[in-house]
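Heads up: the structure comes next, in structure tokens.
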Amino acid sequence: MESASIAPGGHAAEHAEHHGPPAANQSSRLESQFLGMLLFIISEVMLFGAFFAAYFFIRVVGEADWPAKGEELPVAVAGVNTAILISSSFTMHWALEGARNGNRRALRAGLFTTMMLGLTFLSIQINEYVNIGFAPADNAQGSIFYGLTGLHGAHVFVGLTLLTFATIRAFRGHFSIKEHRGVEVPGIYWHFVDVMWIVVYTTIYVL
Amino acid sequence: MTLAGRLKAPGWSRAALSQPIGFLVALGVVVGVRALYGYDPLVDWDAIITVVLIALPLAFLVGIGCFDYWFRWASGAPTVPEDHSGHGARSWKDYFYVNTDHKVIGIQYIVTTFFFFIAGGLMAMVMRAELAQPGTQFVEPNTYNGLFSVHASLMIFLFIIPVFAGIANYVIPLMIGAPDMAFPRLNALSFWMLPTAGILMLASFFADGGAFATGWTAYAPLSTETPLGQTFFTIAVQFAGASSIATALNFLVTIITMRAPGMTFWRMPLLVWANFTTSLLVVIATPFIAGSQFFVLLDRSLGTNFFNVGANGDALMYQHVFWFYSHPAVYIMMLPGFGIVSEVISANARKPVFGYRMMAFSLMAIVVLGFTVWAHHMFVSGMFSWLRVPMMITTMLIAVPTGIKIFSWLATLWRGVIHLTTPMLFALGFITMFTLGGISGIMLAVIPVVIHVSDTYFVVAHIHYVLFGGSVFTIFAGIYHWFPKMTGRMYDESLGKLHFWLSFVFFNLTFGPMHLVGVDGMPRRVADYAEQFATMNVIISVSSFLFGLSFLVFLYNMVTSWRNGPKAAANPWRAHTLEWQVSSPPPIFNFDEVPTVVGGPYEYGVPGAVHGVFKEKRGAAVPAGGGGAPPPAE
């Protein structure tokens with residue numbers, strides 16, 4: 001199991017890979033990648049905000065029935081799905097702790113499990129679309145239901161893509177105790193996707 | 001290089017190849033999905049074109065090479081130096097390829113956006129030709145609607161917003177003592193998304209049913225029912241918006257994490273402050289226009305009912321979501337200009353900026369208040385009537401921080417040693433014109449007035465006073481001010497002054513009379529008008545042609561000076577900010593040695609005051625190695 005532990009200092013190739021401009025003065029304790037992801041998440045929250053504004057106008061201002069008459073939302077199934085997605089945040093944390101402690105097996109297993117949980121979430125979501133019994137074109141409630149859950153599904157997909165990159169790199173021997181931003185930054189995004197789902201689930205299914 | 005090699009390497013050959021591939025993929029996706037769902041007919045060109053419009057720009061971005069580094073990185077393969085596209089431009093041809101140098105990207109931005117400025121300007125000329133007389137002369141009403149829609153969209157999304165990003169791209173890393181932006185490859189990607197958005201908008205003229213004709217505001221449900229051209233707008237805005245968000249994020253990270261030692265927030269030049277606050281607005285607000293256009297696109301292509309009142313949708317919701325972005329967007333189009341004017345006025349009046357901290361605070365105040373006024377665009381839309389008065393009050397309130405800035409500039413000028421250079425003339429022109437535009441803005445905030453003049457030429461006059469007399473004048477000021485830094489050459493001062501006076505006079509003759517016809521009730525966005533407005537309109541049209549011609553003076557000056565102008569000194573304006581302390585154009589990584597900032601940026605006239613120092617030598621350093629911008633060859 002020579003790959004189960006990582007020497008501090010990490011993958012030699014990563015240091016030879018820098019070709020860009022010389023290092024700038026660090027004027028903040030925040031890392032640029034971390035800050036960049038944070039700002040990106042702020043703009044993502046605002047994009048969800050636009051969709052929630054549509055939801056608000058249709059359901060609250062327009063006083064439309066929710067869900068539309070004769071339709072039903074699978075609150076319990078989606079609740080199980082919520083639990084699946086939330087648990088993936090914990091496995092993501094497991095992977096990151098693995099990277100921080102040099103435990104390569106935990107890193108790989110954590111990333112892989114997170115991806116599998118994310119994929120399970122997406123498949124249950126797609127199955128729900130197939131069996132829910134109404135279409136986005138039926139009425140505005142359907143439009144915003146598919147709009148919000150679809151927007152979130154697209155974010156799960158983006159998060160999964162980022163995780164795929166991290167997983168490939170983890171299995172190819174990248175990341176070390178010192179250098180694991182490639183796990184940390186997608187991880188932040190993944191946690192954001194999970195938290196956003198809790199908001200979407202609450203407003204769409206529960207309330 | 002062999003053909004196969006060229007098709008594998010990033011560049012225009014691969015970009016050309018990417019287009020048919022992108023088209024086939026889009027075609028396959030649409031036909032495949034329709035087959036899966038059993039739709040009839042299998043080949044629906046409206047659906048195919050919608051997907052093609054998304055696929056082709058993405059394929060182009062892959063082909064030109066924006067993603068090469070990330071593909072290698074993501075697959076865990078070793079990256080190569082070519083991924084970074086070198087740094088700096090060695091010849092004019094390098095400007096046509098993906099490059100990660102912020103100085104190259106800055107110039108790419110500025111030149112590209114001016115191309116769209118000219119395109120949008122020519123459309124305005126056609127409109128004025130049509131409006132010179134009542135009746136129909138040159139263009140059909142529907143074409144006219146397309147012209148003013150594309151004109152406004154190009155000017156806003158492809159000129160004013162991105163040209164400021166271009167100027168800031170060039171200047172900000174230099175100003176804060178950084179070697180580049182925080183994310184150089186993201187910076188390149190943001191640039192290359194822009195031309196794709198612009199070309200989509202221009203290409204809409206060739207769409208079935210003509211260009212999108214719903215104005216740049218694209219109000220639903222009109223925009224969900226118009227012909228195919230609207231789809232071009234909807235998708236183009238997504239690309240322009242993504243570009244804008246990515247650049248803003250990049251500026252914020254750069255300004256927060258890469259400032260030179262000693263460059264505290266209260267020692268930053270006001271241009272840096274201005275772009276910091278603008279970027280906050282962009283990151284927070286732009287997703288809302290993305291959302292509004294997603295709804296329109298979904299309503300158009302998937303038949304959803306966001307705006308279909310018959311199916312519980314809400315048509316007015318579009319305006320709320322749209323203006324929640326688009327009102328902050330007017331500050332996105334103005335705050336960077338405020339920054340430019342602060343730099344120009346201070347350096348040319350040889351005085352510190354009056355109330356430096358209040359200038360920064362007022363920027364922040366505008367950011368906050370900018371989010372509280374969106375519904376003043378909707379006073380006659382039939383929205384909740386209780387929202388009107390609060391919006392009127394916040395709108396008037398936002399004139400306070402703007403007023404602080406105007407008076408601070410005036411106080412900066414007070415007893416200064418004023419040098420009337422071209423950038424200074426444009427900055428002074430900006431103050432007067434923007435104040436006039438601000439006053440008509442206050443009038444438009446007053447509900448009884450706006451109910452009378454809404455959708456008349458009064459609004460057209462107002463927006464051009466703030467966006468041309470305001471923003472574009474600051475853009476000209478900025479271009480003239482940093483031209484020597486960017487090109488290493490000096491522009492022709494007398495041609496610059498001629499350009500200023502021609503544009504200042506004919507600007508006022510064009511847009512001033514519009515206030516009058518507007519108050520008299522001439523509606524905007526109509527190709528024809530009543531006989532009684534004929535005299536005024538012919539005056540406006542003739543002035544507008546002369547106004548358009550004045551731009552040629554600028555263009556001639558820029559092209560000839562870039563090629564043959566006299567060599568510029570490192571610091572022709574004797575300014576204190578860091579970008580002037582390196583050679584013109586700056587060395588390839590900006591600073592051979594990171595400067596240390598020891599004082600404020602505008603201590604003009606204060607004996608012995610300096611902003612930044614280099615360890616070895618103070619003042620103008622002349623480092624080895626070129627970089628930056630060569631003159632454009634024929």
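Below, chains carry the letters A, B, ... as their sequence lines are ordered, and counting in each starts from 1.
One finds the CD1 atom of A:I42 at 12.0 Å from the CD1 atom of B:I245 (value rounded to the nearest 0.5 Å).
Of the listed residues (B:G303, B:A74, B:A311), the greatest number of heavy-atom pairs within a distance under 4.5 Å of chain A belongs to B:A74. Between chain A and the residues B:F183, B:Y325, B:F307, the most heavy-atom pairs under 4.5 angstrom are made by B:F183. Your options are B:N250, B:T304, B:T257, B:L249, and the one with the most heavy-atom pairs under 4.5 Å with chain A is B:T257. The most heavy-atom pairs under 4.5 Å with chain A, out of B:P287, B:A246, B:A248, B:S75, come from B:P287.
Counting heavy atoms of neighbouring residues, nucleotides and ligands inside a 6.0 Å radius, atom CZ of B:F265 exceeds 12 of them. More than 12 non-hydrogen atoms from other residues, nucleotides or ligands lie less than 6.0 angstrom from CZ of A:F171.
Note: A:F51 and B:F306 have perpendicular aromatic rings, judged against thresholds of 30 and 60 degrees for the angle between ring planes.
Only the side chain of B:F324 comes within contact range of chain A, judged by heavy atoms closer than 4.5 Å. For a residue to count as touching a neighbouring chain, one of its non-hydrogen atoms must lie under 4.5 Å from one of that chain's; by this rule A:V45 does not touch chain B. For B:F295, the part sitting under 4.5 Å from any heavy atom of chain A is the side chain, from C-beta outward, and nothing else. Heavy atoms of A:D138 lying under 4.5 Å from chain B belong exclusively to its backbone. Using a 4.5 Å cut-off between heavy atoms, A:I168 touches chain B through its side chain atoms alone.
Considering all non-hydrogen atoms of both residues, B:V283 and A:S43 come closest at O-CB, 3.2 Å.
With contacts defined as side-chain heavy-atom distances shorter than 4.5 Å, the pair B:M258/A:N25 does not qualify. Looking only at side-chain heavy atoms (C-beta outward), A:R169 and B:W73 come within less than 4.5 Å of each other.
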- Message: Quick one, B:L302 with A:Y146, criterion side chain to side chain contact (heavy atoms under 4.5 Å, CB included). Give me CA distance, side-chain angles, the key distance, then yes/no.
- Response: CA-CA 11 Å; B:L302 297 183; A:Y146 280 92; over 6 Å; no

